[in-house]
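To find a chain, count down the sequence lines: A is the first, B the second, and so on, and within it residues start at 1.
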Amino acid sequence: MASRFNALKADAAWQKVWDDRATFAADDTSTKPRSYVLEMFPYPSGKIHMGHVRNYTMGDVLARYRRMTGMEVLHPMGWDAFGMPAENAAMEKHVHPGGWTRDNIATMKAQLKRLGFALDWSRELATCEPEYYGHEQALFLDLFAAGLVYRKESSVNWDPVDMTVLANEQVIDGRGWRSGALVERRKLSQWFLKITDFADELLEGLDGLEHWPDKVKLMQENWIGRSQGLQFRFKLSDGGAVEVFTTRPDTIFGASFVAVAADHPIAQALAAENPAAAEFIALCKRGGTTAAELDTQEKLGFDTGITAAHPFDPAWQLPVYIANFVLMEYGTGAVFGVPAHDQRDLDFARKYDLPVRRVVSDGDVTDPVFEGNEAATGPGTLVNSHFLDGMDVEDAKRTVIARAEGEGWGTGSTVFRLRDWGVSRQRYWGTPIPIIHCDACGAVAVPKDQLPVVLPEDVSFDIPGNPLDRHPTWKHVACPSCGGQARRETDTLDTFVDSSWYFIRFASQPKDKPFDRAVAEQWLPVAQYIGGVEHAILHLLYARFWTRALKHIGLLDVAEPFAGLFTQGMVTHETYSRQITELGSDGVDSITKPLWLSLDDIVRNGDGWTEKATGEAVTVGRVEKMSKSKKNTVDPTGIVDQYGADATRWFMLSDSPSERDLPWSESGIEGSWRFIQRLWRLFDGERAGEGGSKNAALDRKLHQSIAGIALDIEALSFNKAVAKLYELTAAIERAEPSASRDAAIATLMRLVAPMAPHLAEEAWAAAGNQGLIADAPWPKVDAALLVEDEVTIAVQVNGKLRDTLTLPKGHPSDAVEAAALASDKIVRILEGKAPRKVIVVPDRLVNIVA
RNA sequence: GCGGACGUGGCGAAAUUGGUAGACGCACGGGACUUAAAAUCCCUCGCCCUCAGGGUGUGCGGGUUCGAGUCCCGCCGUCCGCACCA
């Protein structure tokens with residue numbers, strides 16, 4: 001007699017069995033085909049959230065499925081454990097960042113285990129432990145030795161009250177998010193990694209990443225931002241020269257001014273002797289950098305009085321401006337303006353009444369006088385341009401570059417938007433940069449036998465500033481080179497460095513070095529990497545860079561770290577709020593804003609909701625990403641305790657496609673729970689026993705399901721796999737007892753095993769099988785059963801469905817046509833008239849054109 | 001502003017190369033079982049009409065085709081990324 005599936009008991013029992021037997025430990029020496037399945041490792045912020053559950057469930061299903069297909073699967077888990085939240089917690093709660101982080105790891109590890117993920121916990125790592133970051137320091141020094149690390153002055157957001165550096169997102173309206181103090185730009189000497197050395201490779205490597213989403217590749221492409229053009233010199237009237245970069249050398253005869261950035265040496269030199277210039281430069285720097293401000297900001301210039309000689313006509317002198325729209329960080333920090341064919345230049349020229357000369361014609365108009373306020377940026381034919389006249393834009397570009405190179409005043413060049421990666425952070429909770437500063441010897445690498453440089457634990461956060469900097473002894477060391485008094489670097493590494501190689505350490509983790517090359521290369525690249533799209537640029541680009549840098553210095557022969565990438569959608573939920581009115585920041589006007597309410601704060605009231613505390617009506621808002629600020633989170637712990645791990649996992653996979661957002665709903669998780677129970681009733685029910693009859697239709701349905709589900713799982717289309725499982729389950733339930741039905745039930749256990757592993761193990765054991773279903777092979781498909789012997793053929797008249805026919809597969813076309821024309825419905829519709837044309841698509845449809 | 005994605009029932013969604021739109025799930029409604037409830041099972045479920053039938057329907061307007069959710073052109077809307085990039 002069928003019982004109820006006791007998820008709580010089964011979950012714990014099978015999790016213990018998997019643990020005890022180390023079922024999911026990956027074997028480095030295996031001869032099976034390998035697959036490395038990885039989800040982006042979590043930051044140990046406190047507790048896991050639904051987004052983690054969804055992410056790790058997807059990877060888990062793929063990992064378990066691939067194990068069943070006979071692969072040796074590496075599926076590890078660890079902790080991206082350095083970062084600011086730990087320091088914030090230290091300040092707010094007066095705890096140690098290390099203690100706080102390690103407590104969180106313990107909590108979250110227990111939560112992940114509770115979900116029964118098929119993880120190789122023997123490879124667990126936390127980036128905050130010296131056993132990890134010591135090796136990172138060694139790799140940093142290798143890159144340093146190879147010339148890929150350098151030091152330069154760079155400005156940071158400095159909070160003068162907290163005495164700390166702020167990330168851009170911590171600066172709100174020009175003030176520190178915590179202190180509220182006006183943020184200053186401060187120049188600090190910082191460490192950089194030469195990612196720009198790899199800009200071309202990183203860009204071109206994208207082409208080979210067939211199993212990456214186009215969207216992510218495009219984002220990286222734009223981020224790297226390669227532009228090809230001409231870099232050349234204008235001779236100036238004061239005897240100097242200015243280098244400019246352009247992607248439109250073809251428009252050179254349309255030039256009407258030269259503009260330099262406020263930070264440009266020419267501008268700076270002028271400011272030193274000209275107060276008006278200095279004032280203009282100060283004005284440029286005052287402007288905000290937010291999107292809205294840039295959009296509305298007027299193009300402003302300051303005429304330096306200097307002129308530049310046109311390279312093709314020294315008598316033609318162009319005015320040189322300092323302009324607020326020219327960026328020192330891009331190209332050469334100077335441009336020449338062609339108003340007719342660049343919108344920004346046109347705005348500028350109209351404001352300062354500069355010539356606007358047409359040099360590209362997109363049709364009949366060749367008049368050198370360009371009217372209107374909309375620049376012509378499209379393709380066309382060169383006009384009013386001497387030797388370029390009549391050429392198309394691309395030809396003209398090549399011609400000008402060739403002339404410039406021939407005459408020695410310019411070169412064809414490539415400019416990237418990508419900047420070098422600044423890795424210095426003026427923070428405690430990160431990997432110490434293994435460098436010692438000596439007045440005599442400069443920046444000296446810590447000798448490798450002195451690694452790891454361990455973070456001191458005896459620090460406090462009671463007063464502002466970097467605790468490493470004010471630690472009484474830590475930074476005072478002898479210079480490894482000359483033995484004199486020296487200082488340790490007190491900056492730590494950006495946490496993106498930690499996550500740029502953790503996947504290599506998972507693959508191989510010897511004690512004495514970062515990784516064993518041969519072992520790591522057996523696993524890499526990661527076959528399938530799964531995570532949020534928010535990491536589309538920085539993390540994924542840095543990891544690609546780091547891997548290439550290791551290849552460059554001969555440590556690892558892998559070019560791309562992640563062969564397959566999947567970006568999953570978020571878990572979303574309705575939001576609930578009621579409007580409240582409070583005094584605005586000016587202390588006079590009152591403002592109305594939503595007060596967000598959690599599900600615990602509200603109660604159902606007919607079709608709507610009311611707030612428990614006040615009884616006031618609650619507005620149901622948009623479905624949004626679960627977040628603490630909107631109070632629309634659902635804690636996975638409570639859900640798993642109530643419904644069990646399998647129902648929770650099942651819901652994460654059902655309904656929505658993996659790449660799209662998944663709206664959380666109470667009825668959805670209940671539906672999943674009901675299905676888990678329904679499966680259990682089937683598994684635990686009566687069997688017909690041996691010798692029962694065959695059921696050909698069910699056999700066919702089963703084998704079609706096996707094949708389809710396998711394809712769906714490989715494509716991470718779990719919602720489709722789930723739908724097929726529902727269909728198969730319903731078909732089995734409907735079928736009369738038979739040997740076919742028994743076989744289908746036994747096979748169904750294995751089909752659901754990757755998704756509902758606890759239920760599957762319980763059923764597998766109850767059915768008297770030996771061993772674990774986790775180790776059982778994926779069912780074999782009988783290819784003969786995949787083809788239907790009968791097909792339903794649609795009969796259309798003028799493309800409209802009028803009837804269907806059931807005929808044997810492969811029925812001759814003329815016979816199908818005859819059958820269609822003989823149909824009662826078709827005869828009635830045609831009213832005896834002969835069809836003009838009949839189209840027969842074999843085994844699919846007949847379309848009669850009347 | 002530039003680049004990209006997406007628009008299908010009350011909701012989440014399916015639909016292999018253009019070939020039966022809405023599989024599967026959720027919700028709603030009806031029924032069975034029960035003293036009752038829970039659980040379970042069955043049925044209906046895009047919209048409209050004159051309902052054993054017919055019309056209409058994949059954001060809107062055109063087009064190509066025997067045939068368009070799918071291809072092309074033009075709009076509208078939503079979301080994401082980048083942002084004075086020369």
Report task. Syn or anti for B:G29, please, going by whether the chi angle lies within 90° of 0. Result -> anti
Report task. Could you check whether the rings of A:Trp409 and A:Phe312 sit parallel, tilted or perpendicular, using 30° and 60° as the cut-offs? Result -> perpendicular
Report summary line: Looking only at B:G19, B:A14, B:U56, the nucleotide nearest the A:Asn847 side chain is B:G19
Requested in this report: Figure out the CG/P separation between A:Leu218 and B:C6, and round it to whole Å.
Outcome: 13 Å
Query raised in the report: Considering only side-chain heavy atoms of A:Lys720, which listed nucleotide, B:C85, B:A23, B:A15, is closest?
Result: B:A15
Query - Distance between C1' atoms of B:A52 and B:G67 (Å, rounded) - result: 29 Å
Report task. Using the P atom as the reference point in each nucleotide, state the distance between B:G46 and B:G63 in Å, no decimals. Result -> 30 Å
**Report entry** Same-atom distance (P) from B:C73 to B:C11, integer angstrom
**Finding:** 30 Å
Requested in this report: Please tell me which of the listed nucleotides, B:A23, B:A86, B:C41, lies nearest to the side chain of A:Ala723?
Outcome: B:A23
Report task. Identify which nucleotide among B:G81, B:A86, B:U17 has an atom closest to any side-chain atom of A:Met219, counting heavy atoms from C-beta outward. Result -> B:G81
**Report entry** Phosphate OP1/OP2 of B:G55 contacted by A:Arg802 side-chain N/O (<4.0 Å)
**Finding:** yes
Query raised in the report: Does the side chain of A:Asp661 come under 3.5 Å of the side chain of A:Thr572 through a donor N or O and an acceptor N or O?
Result: no
Query - Partner nucleotide, any strand, of B:G46 [Watson-Crick/G-U, under 3.5 Å] - result: B:U56
Query raised in the report: From the list B:C24, B:A21, B:C84, which nucleotide is the closest neighbour of the side chain of A:Leu801?
Result: B:A21
Query - Nearest-nucleotide pick for A:Val849, side chain only, options being B:A86, B:G3, B:C66 - result: B:C66
Query raised in the report: On a whole-Å scale, what distance lies between the P atoms belonging to B:U64 and B:A83?
Result: 44 Å
Query raised in the report: Checking all strands, does A:Leu845 fall into the base, sugar-phosphate, or nothing category for heavy-atom contacts under 4.0 angstrom?
Result: base
Query raised in the report: So, is A:Asn719 near the phosphate of B:A14, with a side-chain N or O under 4.0 Å from OP1 or OP2?
Result: yes
**Report entry** Syn or anti conformation of B:C51, syn meaning chi within 90° of 0
**Finding:** syn
Query raised in the report: Side chains of A:Thr575 and A:Asn632: is there a donor and an acceptor less than 3.5 Å apart?
Result: no
**Report entry** Watson-Crick or G-U wobble partner of B:G1, both distances under 3.5 Å
**Finding:** B:C82
Report task. Look at the rings of A:Trp680 and A:Phe5 and say which category their plane angle falls in: under 30° parallel, 30 to 60° tilted, over 60° perpendicular. Result -> tilted
Requested in this report: Report yes if at least one side-chain N or O of A:Arg417 is closer than 4.0 Å to OP1 or OP2 of B:A83; otherwise report no.
Outcome: yes
Query raised in the report: For B:A86, does either OP1 or OP2 sit under 4.0 Å from a side-chain N or O belonging to A:Tyr330?
Result: yes
Requested in this report: In whole angstrom, give me the gap between the C1' atoms of B:C47 and B:C51.
Outcome: 14 Å
Report task. May I have the distance from A:Leu662 (atom CG) to B:G25 (atom C1'), rounded to whole angstrom? Result -> 12 Å
Query raised in the report: Nearest to the side chain of A:Lys837, which nucleotide is it out of B:G19, B:C66, B:A27?
Result: B:C66
**Report entry** Test item: A:Glu624 and A:His573 side chains (from C-beta on) under 4.5 Å apart, heavy atoms
**Finding:** no
Report task. Determine the contact category for A:Arg660: base if any of its heavy atoms lies under 4.0 Å from a base atom, sugar-phosphate if only primed atoms, P, OP1 or OP2 are that close, otherwise nothing. Result -> sugar-phosphate
Query raised in the report: Using the P atom in both, what is the distance from B:U58 to B:U50, to the nearest Å?
Result: 23 Å
Query raised in the report: Counting side-chain heavy atoms from CB outward, which of B:G55, B:A13, B:A83 is closest to A:Pro657?
Result: B:A13
Requested in this report: Flag the pair A:Met570 / A:Ser627 as yes when at least one side-chain heavy-atom distance between them is below 4.5 Å, and no otherwise.
Outcome: no
Report task. Just call it for A:Arg226: base, sugar-phosphate, or nothing, with non-hydrogen atoms closer than 4.0 Å on any strand. Result -> nothing
Report task. Begin with the C-alpha distance, continue with both residues' side-chain angles, and end with the deciding distance and a verdict on ring-ring contact (aromatic ring centres under 6.0 Å, His included) for A:Phe245 and A:Phe232. Result -> CA-CA 7 Å; A:Phe245 174 75; A:Phe232 70 99; 9.7 Å; no
Requested in this report: Check every strand shown and say whether A:Val841 touches a base, only sugar-phosphate, or nothing at a heavy-atom separation below 4.0 Å.
Outcome: base
Query raised in the report: Using atom P of each nucleotide, how far apart are B:C24 and B:G81 to the nearest Å?
Result: 36 Å
Query raised in the report: From B:G19, B:C26, B:C24, pick the nucleotide closest to the side chain of A:Glu727?
Result: B:C24
Query raised in the report: Is there a ring-ring contact (aromatic ring centres under 6.0 Å, His included) between A:Tyr321 and A:Tyr352 once you walk through the steps?
Result: CA-CA 10 Å; A:Tyr321 284 82; A:Tyr352 294 101; 5.7 Å; yes
Query raised in the report: Is there a Watson-Crick or G-U wobble partner for B:A13 with both distances under 3.5 Å, and which nucleotide is it?
Result: none
Query - Integer angstrom distance from the P of B:G22 to that of B:G9 - result: 14 Å
Query raised in the report: Can you find a side chain N or O atom of A:Lys800 that sits less than 4.0 Å from OP1 or OP2 on B:C66?
Result: no
Report summary line: Using Watson-Crick geometry (N1-N3 plus N6-O4 or O6-N4) or G-U wobble (N1-O2, O6-N3), each under 3.5 Å, B:G7 is paired with B:C76
Requested in this report: Assign A:Gln796 to base, sugar-phosphate, or nothing according to its heavy-atom contacts below 4.0 angstrom with the strands shown.
Outcome: base
Query raised in the report: With a non-hydrogen cut-off below 4.0 angstrom, is A:Thr792 in contact with a base, only sugar-phosphate, or nothing?
Result: base
Requested in this report: Find the distance A:Lys825:NZ to B:G54:P and express it as a whole number of Å.
Outcome: 7 Å
Query raised in the report: How would you label the contact of A:Ser654 with the nucleic acid (heavy atoms, under 4.0 Å): base, sugar-phosphate, or nothing?
Result: nothing
Query raised in the report: Could a donor-acceptor pair under 3.5 angstrom be found where the side chain of A:Lys724 meets the base of B:C24?
Result: no
Query raised in the report: Considering only B:G55, B:A86, B:C84, which nucleotide approaches the side chain of A:Val326 most closely?
Result: B:A86
Query raised in the report: Hey, is the side chain of A:Arg674 poking within less than 4.0 Å of OP1 or OP2 on B:G25, counting only N and O atoms?
Result: no
